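This one's a predicted model, so the numbers in the text were calculated from it and none came from an experiment.
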Amino acid sequence: MYRFGDISDEETNELIFALCKSLHPTITSREIVESKMFPVSHYIHVGCYILYDQSYQYNILKKITSKISPEEIARRSKTLGSPLNQLAFCAVAMLYLHGRAEVIYDNLKKKKQSVKNIIVEPETKKKETKFILDFWKRLSPNYLNDSSLIVDNNKITFLSDEYINNLKDQMIPIADNKDLTKKLKQTIAQLTIFNFTSHADCRMGIYEHGPYYFEDNHEPLIFKEFKFVQPDDKQFDPISEFIPLKLTRQSPIPNVIFGMTLRDMNKLEFNNWGTLFADPSDFTSNITSLGIWTKENIPIKDMRYPNKMGNLKPISPKILDELNEFAKNGTKELYLKFSKWEYIKKLMLGAGIYANSTLAAFSRFAGLEHDFNWTWALDYAEDKPLKVDLDKTKIKWYIDILENTPAHPFISRIFRSWRRQKEDPFYYFLQD
């Protein structure tokens, strides 16, 4: 009988290398821009330490897999407005291996300094890593239309032709409507700023994918999705438990999905993080038709692929004014709120988002979202009991050792030559 996580050392190393190879150009070409509000690099590396070093991700996913398979989770995500997507699936392996690399780097350094009794990678941690990577390898191949594990063909397509064609009559031509295209551009810009502010200056909550094509139409169709955190969504979405957004005025809808057909594009490329790279980068004047939808909030555990995936509601472009106003006011209100927070609280908000967000979404598919405590990060910042099996002393150690560095020093491994990466990838092969 096959046991989950029962993969060989060789396959484990192949999976580690495949992810490193796919992410290498994305990470090395990304500019490092620190937020003026949040300590982004600091909280990312603290969150990743927690995921790996304290077995936080392993313990939660082990419970989730007792209720639902990753294959089924992936299939139920093949819809617009899903709480899980290619960004989340990539993050399952990426963030865990990031934390693993931090710990291995630390252990190798201690060993080099002749610290006694150092085991670089204990057998128990190898088993946990195999479990995580076995889980990961079953996601994207059951999500992406080309059955790929990672995005190496510059496209993210997971919707069926039938699904796409059913949306065609819900889109309106806007090629000559300059007022509408201007309003659309402004609204998307404001929503993007609001999203980053509300998620501690990380991209979670924004997802781009495509290109798709309608029958008898050669213009590519792309989608841009925004997921809003609503404090009254706890029944459906545990993310609202650890991102405290009590705004004066909430969004009129819990999420918004923009679909756009485009003409005369030189480039449309997507990466593993659900980010679009387009030429021209400002393609507002290239939009020929527009669709706007919102996805109903339902218990995700009740979804069934392909016919019970939640209703998609088309919305009039009139919603743009409301969304624009909501985003501008919300950004201003949150900026004033977060600017009054102490450093540790802002750091732990970000660390909690990185450690909790994907796992909380996975838990919804298993119907276990209320079986875990998701508020521990801000509880730590406020010196409250964590109500979760995490060591506060270790969390403090992560925070302290990273305080004076923009990122964990293992990051330098990413910028070595690709010849060296083939022999020793930046996320490390299994260690003796």
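Under the side chain to side chain contact (heavy atoms under 4.5 Å, CB included) criterion, Asn329 pairs with Arg249, Glu325, not counting sequence neighbours. In terms of the salt bridge (Lys or Arg N to Asp or Glu O under 4.0 Å) criterion, residue partners of Lys384 (sequence neighbours excluded) are, by chain and number, Glu382. Every residue two or more places apart in sequence or in another chain that forms a ring-ring contact (aromatic ring centres under 6.0 Å, His included) with Trp376 is listed here: Tyr56. The side chain to side chain contact (heavy atoms under 4.5 Å, CB included) check on Ser140 picks up Gln86, Phe89, Leu144, with sequence neighbours excluded. With sequence neighbours excluded, the residues satisfying salt bridge (Lys or Arg N to Asp or Glu O under 4.0 Å) with Lys224 are Glu208. By the ring-ring contact (aromatic ring centres under 6.0 Å, His included) test, Trp341 is found to be paired with Phe338, residues two or more places apart in sequence or in another chain being considered. Residues meeting the ring-ring contact (aromatic ring centres under 6.0 Å, His included) test with His45, sequence neighbours left out: His98. Applying the ring-ring contact (aromatic ring centres under 6.0 Å, His included) test to Phe17 and every residue at least two apart in sequence or in another chain returns Trp418. Applying the side chain to side chain contact (heavy atoms under 4.5 Å, CB included) criterion to Asp201, with sequence neighbours excluded, gives Ser35, Met37, Phe38, Val40, Phe196. Listed by chain and residue number, Leu402 satisfy the side chain to side chain contact (heavy atoms under 4.5 Å, CB included) test with Thr405 (two or more places apart in sequence, or in another chain).
Counting non-hydrogen atoms of neighbouring residues, nucleotides and ligands closer than 6.0 angstrom, the CG atom of Asp389 reaches no more than 12 such neighbours. The number of heavy-atom neighbours closer than 6.0 Å to CZ of Arg304, taken from other residues, nucleotides and ligands shown, is above 12. Crowding of Lys126 atom NZ: a count of heavy atoms from other residues, nucleotides or ligands under 6.0 Å exceeding 12. Heavy atoms from other residues, nucleotides or ligands lying under 6.0 Å from NZ of Lys337 number more than 12. By the 6.0 Å contact criterion, NZ on Lys345 is enclosed, its count of non-hydrogen atoms from other residues, nucleotides or ligands being greater than 12.
Judged by distance alone, the side chains of Tyr398 and His408 never bring a donor and an acceptor atom under 3.5 Å apart. At a cut-off of 3.5 Å, with distance as the only test, a side-chain donor of Glu333 or Thr248 sits close to an acceptor on the other residue. Residues Ser289 and Thr261 bring a donor and an acceptor atom of their side chains to less than 3.5 Å of each other. If you check the side chains of Asn59 and Ser55, you find no donor sitting under 3.5 Å from an acceptor. There is a side-chain donor-acceptor pair under 3.5 Å between Asn272 and Ser22. Checking Glu241 against Thr375 by side-chain atom types alone, no donor-acceptor pair falls below 3.5 Å. With 3.5 Å as the limit, one finds a donor-acceptor pair spanning the side chains of Tyr96 and Thr129.
The cationic atom of Arg413 (NZ for Lys, CZ for Arg) lies less than 6.0 Å from the six-membered ring centre of Tyr428 and within 45° of the ring axis.
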For this session: Could you give me the CA-CA distance, side-chain angles and deciding distance for Phe277 and Phe270, then say whether ring-ring contact (aromatic ring centres under 6.0 Å, His included) is met?
Result: CA-CA 6 Å; Phe277 297 89; Phe270 300 82; 8.9 Å; no
For this session: Dump the intermediate steps for side-chain contact (heavy atoms from CB on, under 4.5 Å) on Met94 and Leu23, then the final yes or no.
Result: CA-CA 9 Å; Met94 178 180 67; Leu23 290 179; 3.7 Å; yes
For this session: Check step by step if ring-ring contact (aromatic ring centres under 6.0 Å, His included) holds for Phe426 and Phe410.
Result: CA-CA 8 Å; Phe426 58 85; Phe410 104 85; 7.4 Å; no
Problem set entry | Criterion salt bridge (charged side-chain N to carboxylate O under 4.0 Å, His left out) on Arg416 and Asp424, from CA distance to verdict | CA-CA 10 Å; Arg416 297 169 302 148; Asp424 179 25; 3.5 Å; yes
For this session: Tell me, with the steps shown, if Lys301 and Glu369 meet salt bridge (charged side-chain N to carboxylate O under 4.0 Å, His left out).
Result: CA-CA 10 Å; Lys301 67 180 179 64; Glu369 61 265 37; over 6 Å; no
For this session: Take Asp134 and Lys130 through the salt bridge (charged side-chain N to carboxylate O under 4.0 Å, His left out) test and state the conclusion after the steps.
Result: CA-CA 6 Å; Asp134 193 6; Lys130 289 181 177 182; over 6 Å; no
For this session: Might you work through the side-chain contact (heavy atoms from CB on, under 4.5 Å) test for Met265 and Asp279, ending with a clear yes or no?
Result: CA-CA 6 Å; Met265 296 298 296; Asp279 180 16; 5.8 Å; no
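A pairwise comparison of heavy atoms in Pro317 and Leu180 identifies CB-CD1, 3.9 Å as the closest pair. Across all non-hydrogen atoms, the minimal contact from Thr358 to Ala91 is OG1-CB, 4.2 Å. Scanning all heavy atoms of the two residues, the minimum distance from Ile353 to Met204 falls at CG2-SD, 4.0 Å. Of all heavy-atom pairs between Val229 and Ser240, the closest is CG1-CA, 3.9 Å. Heavy-atom minimum distance, Trp374 versus Ser363: CZ2-OG, 3.6 Å. Residues Ala355 and Gly47 approach most closely at CB-O, 4.2 Å, considering heavy atoms.
The residues Lys183 and Asp321 are annotated as salt-bridged, a charged nitrogen and a carboxylate oxygen being separated by less than 4.0 angstrom. A salt bridge does not link Glu71 with Arg75: none of the charged nitrogens is closer than 4.0 Å to a carboxylate oxygen. With respect to Glu269 and Lys155, no salt bridge is recorded, no charged nitrogen being found less than 4.0 Å from a carboxylate O. For Asp53 and Lys125, the salt-bridge test fails: no basic side-chain N is under 4.0 Å from an acidic carboxylate O.
Annotation: Tyr212 is in aromatic contact with Phe223 [ring centroid separation under 6.0 Å]. Between Phe4 and Phe131, the ring centre distance stays below 6.0 Å.
For His199 (side chain) and Gly205 (main-chain N/O), no donor-acceptor pair under 3.5 Å exists by modelled atom type. Here the side chain of Asn373 pairs no donor or acceptor atom with the backbone of Val388 at under 3.5 angstrom. Although no hydrogens or angles enter the test, the distance criterion places no donor-acceptor pair under 3.5 Å between the side chain of Thr331 and the main chain of Lys328. Between the side chain of Glu322 and the backbone N or O of Pro252 there is no donor-acceptor pair closer than 3.5 Å.
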Side-chain donor-acceptor contacts of residues 158-175 below 3.5 Å, not counting sequence neighbours, with atom names and distances?
unit_1 : atom_1 : unit_2 : atom_2 : d
Ser160 : OG     : Tyr163 : N      : 3.1
Tyr163 : OH     : Thr79  : OG1    : 3.3
Tyr163 : OH     : Leu80  : N      : 3.3
Asn165 : OD1    : Glu215 : N      : 3.2
Asn165 : ND2    : Asp161 : O      : 3.0
Asn165 : ND2    : Glu215 : OE2    : 3.3
Asn166 : ND2    : Glu162 : O      : 3.2
Gln170 : OE1    : Trp293 : NE1    : 2.5

Donor-acceptor contacts under 3.5 Å from residues 253-260 side chains, at least two apart:
unit_1 : atom_1 : unit_2 : atom_2 : d
Asn255 : OD1    : Thr294 : OG1    : 3.0
Asn255 : OD1    : Lys295 : N      : 2.7
Asn255 : ND2    : Lys295 : O      : 2.9

